[in-house]
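The chains referred to below are lettered A, B, ... by the order of the sequence lines, with proteins before strands, and numbering in each begins at 1.
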Protein chains: 2
Amino acid sequence: MKKSGVTLVDVAKLAGVSTMTASRALSGEGYASEEMRTKVHAAAKELGYVPNALARMMKGGKTNVIGVVVNDLSSAVINAFVTALSEEVRKIEMDMFIYNSLGDLGHGRGKRLSQMLHGLWDGLLFVLPRMTDDYLEQLEQSASPIVLVNYFSRETTLPVVRGDNVNGAHDAVSHLLDLGHRRIAFVRGMAYTGQSELRERGYRLAHEAAALEVDPALVVGGDFSEVAGLEAGRALMDLPEPPTAIFAGNDSMALGCINAIREKGLEVPKDVSVVGFDDIPASALVQPALTTLRHPVEAMAHAAVQELVRRIQGQPGRRHRIEFPSEFIVRASTAAAPAPAPRARPRARGRRAQA
Amino acid sequence: MKKSGVTLVDVAKLAGVSTMTASRALSGEGYASEEMRTKVHAAAKELGYVPNALARMMKGGKTNVIGVVVNDLSSAVINAFVTALSEEVRKIEMDMFIYNSLGDLGHGRGKRLSQMLHGLWDGLLFVLPRMTDDYLEQLEQSASPIVLVNYFSRETTLPVVRGDNVNGAHDAVSHLLDLGHRRIAFVRGMAYTGQSELRERGYRLAHEAAALEVDPALVVGGDFSEVAGLEAGRALMDLPEPPTAIFAGNDSMALGCINAIREKGLEVPKDVSVVGFDDIPASALVQPALTTLRHPVEAMAHAAVQELVRRIQGQPGRRHRIEFPSEFIVRASTAAAPAPAPRARPRARGRRAQA
DNA sequence: GTGAAAGCGCTAACAG
DNA sequence: CTGTTAGCGCTTTCAC
């Protein structure tokens, strides 16, 4: 089943010229007399000719297409990166396809991905990828240009463009410490992207720098989702000595925490300060607006595309790992720590802080 | 510049067989002795051979790929559709690429899209597309299979799978009327997708069915964004006679309205009820959870893919237009209308003050 | 079972 | 300026 039936040969035949003339007339490259050009264009139009991109690509060896692989399009963060990448790619006049692997690379269908579609694109960008070790190894041995964006799981020889999570988290927690908070909770995300771990490291380093110990009860599990944040928040606020501030592994969980805090009849930031990570769109719109950290998405997208293009063109990569500092954005969800509770009954106060 | 350098010919040479044998051994199709098979596989592995999808596709005429075109990936609705489509496509063992046109089709780069990549996919799905008339016409004349998902702007000969907006809106507004609300506002979205208009029609029809008039002051503009909802909400609540219920053109604006209502020191749903449309993920999580309408996304994705596949296979389309009723989801943002204000004597009351 | 030839639709590269 | 030839990497014939 042909794509559209009509090929360049048909056009040429109708126009009464050679295929080559037709090709030249249509592509605009090379010499072609005005007469031929109009004749060919007329024929093409009449037949409804549409060039077959596949054939053109095959001939040239280059497709002028960059592929972007994600495994969860519903994530606001991934979305932001994909959109920024689209714009970068458009700037350099290339095309971009997004491929949603629907889950970890290396399992099921994703297993074959990098191979199956090989040849369709000049280079591949992986955004916040989750993959098996096997898969990574396969990628490392792949001949086609690849750049990983925000990959943290393990060391790799592939070029990586990533945001700095440790220092960002450090900044956020230091800010809370500066505001007088001493019981600062951390809500973990899922382990496998590696981001949660790095953010937790920053959280711990900030405590160390202030010569403070982290109460293990204040570090709780989560999975980066809003519901997980809600549950983690409830658990934290139910603690005998609840935290006065929560640093959530990401914004979604931070929003969940805010809801949990409200359920207890407490106010953000008066009673409890909350900080997120990622600066998803909702964070700026919510009440109170969320203090958070954001990766310089546009700059990172730019760097990733540049690096990829460099490799596509066979030039040596600029750098193996490009790291971007995250920007700390102070909004309305953080404030000075509340006056310390009258030692005797911290719980009582927490319960009915306001009617 | 070759994609990976090593081709089937190289593999065959190393294995000491013909390219054909190599092809058969690797693809698993056709006869090939065990011996050849292992030999070829060994050679392929040694060279790191990866088949060129482009060449394979070209030969077969079919690519086994479905393309999905969107113009704004950050939209939660589009996202939901794209994800559902991914899963549908995976079920039928095809691949799917997403192309983000970054704005209306028919302007700038988008202009060339349908042509440029022609041949790369067997069929094209347009999700919530916005396009110029020219572009639509071009699409209608295109030889390749196309299905539009949630396209409402104008009549078209292309197959369309879409959610029913009019009846959904009618249901929502009827519900509010049943709850005793008599001043129900509507917040419009952007005009160009056509959805806002249909939802407004449902809103008006519900009023007509109840023999009530719509106060023109209660129908305000918006653009489907949360900020627009906030502004519209403020404007509405500042009215001399503010509404007791707001039906927003979509969920994002509904969430904005809720914030606006809160700013005035009022409560949802006690003082004002709010209904959205689309059931974006945030709607279920927000406090109070939003009453809204949702398209049966999975069913629609299924229908769209089936219809497209049918056309790819050259079978006649099942139906030209497939419409799916939206589901009305009652959550916590709607309640009975507050007792009428002592002074205000709404004129709407005259007819048949609620059964 | 395996191989040789032909060709998918297009465009570099060279002739004319 | 225009036409002819060749070939991208693979697979579908059709012989052997």
Distance in angstrom units between B:Tyr31 OH and D:dT12 C1', rounded
15 Å
Once you round it to whole Å, what is the distance between C1' of C:dG9 and CG of A:Leu47?
15 Å
Mark yes when over 12 heavy atoms from residues, nucleotides or ligands other than A:Gln315 sit less than 6.0 Å from its CD; otherwise mark no.
yes
As a check of understanding: the bend across the helix from C:dG1-D:dC16 to C:dG16-D:dC1, end axes from five pairs, rounded to 10 degrees, works out to 40°
Within this structure, what is the CG-to-P distance between A:Leu8 and D:dG3, rounded to whole angstrom?
12 Å
Distance check needed: C:dA12 P versus A:Met57 CE, whole Å only.
14 Å
Close side-chain approach of B:Val161 to B:Leu148, heavy-atom, < 4.5 Å:
no
Heavy-atom side-chain proximity of B:Leu14 to B:Leu47 below 4.5 angstrom:
yes
Interatomic distance, B:Lys62 NZ vs C:dG9 P [rounded to whole Å]:
16 Å
Among the nucleotides C:dG9, C:dG1, C:dA4, whichever has the atom closest to the side chain of B:Ser33 is C:dG1
Rounded to the nearest angstrom, tell me the gap between atom NZ in A:Lys39 and atom C1' in D:dG3.
14 Å
Rounded to whole Å, the CE-P distance (A:Met58 to C:dG7) equals 15 Å
C:dG9 OP1/OP2 closer than 4.0 Å to side-chain N/O of A:Thr7
no
Side chain B:Arg24 and base C:dG3 donor-acceptor under 3.5 Å
yes
A:Asn52 side chain: which of D:dG9, D:dG3, C:dC10 is closest?
C:dC10
Contact under 4.0 Å: B:Ser23 side-chain N or O vs D:dT11 OP1/OP2:
yes
Does B:Glu34 or A:Ala55 map to a spot on DNA chain C nearer the 5' end, using the closest nucleotide for each?
B:Glu34
Below the 4.0 Å mark, does D:dG3 have OP1 or OP2 next to a side-chain nitrogen or oxygen of A:Thr21?
yes
So for A:Lys59 and D:dG7, does any side-chain atom that can act as donor or acceptor lie under 3.5 Å from a complementary atom in the base?
yes
Contact under 4.0 Å: B:Arg56 side-chain N or O vs D:dT11 OP1/OP2:
yes
Looking at A:Lys39, I want to see if its NZ is surrounded by more than 12 non-hydrogen atoms of other residues, nucleotides or ligands under 6.0 Å.
yes
A:Val77 vs A:Leu128 side-chain heavy atoms within contact, under 4.5 Å
yes
Without decimals, in angstroms, what is the distance between B:Met20 CE and C:dG3 C1'?
9 Å
Report the relative orientation of the aromatic rings in B:Phe81 and B:His295; use parallel for angles under 30°, tilted for 30 to 60°, perpendicular for over 60°.
tilted
With a 6.0 Å cut-off on the ring centroids, do A:Phe97 and B:Trp121 count as close?
yes
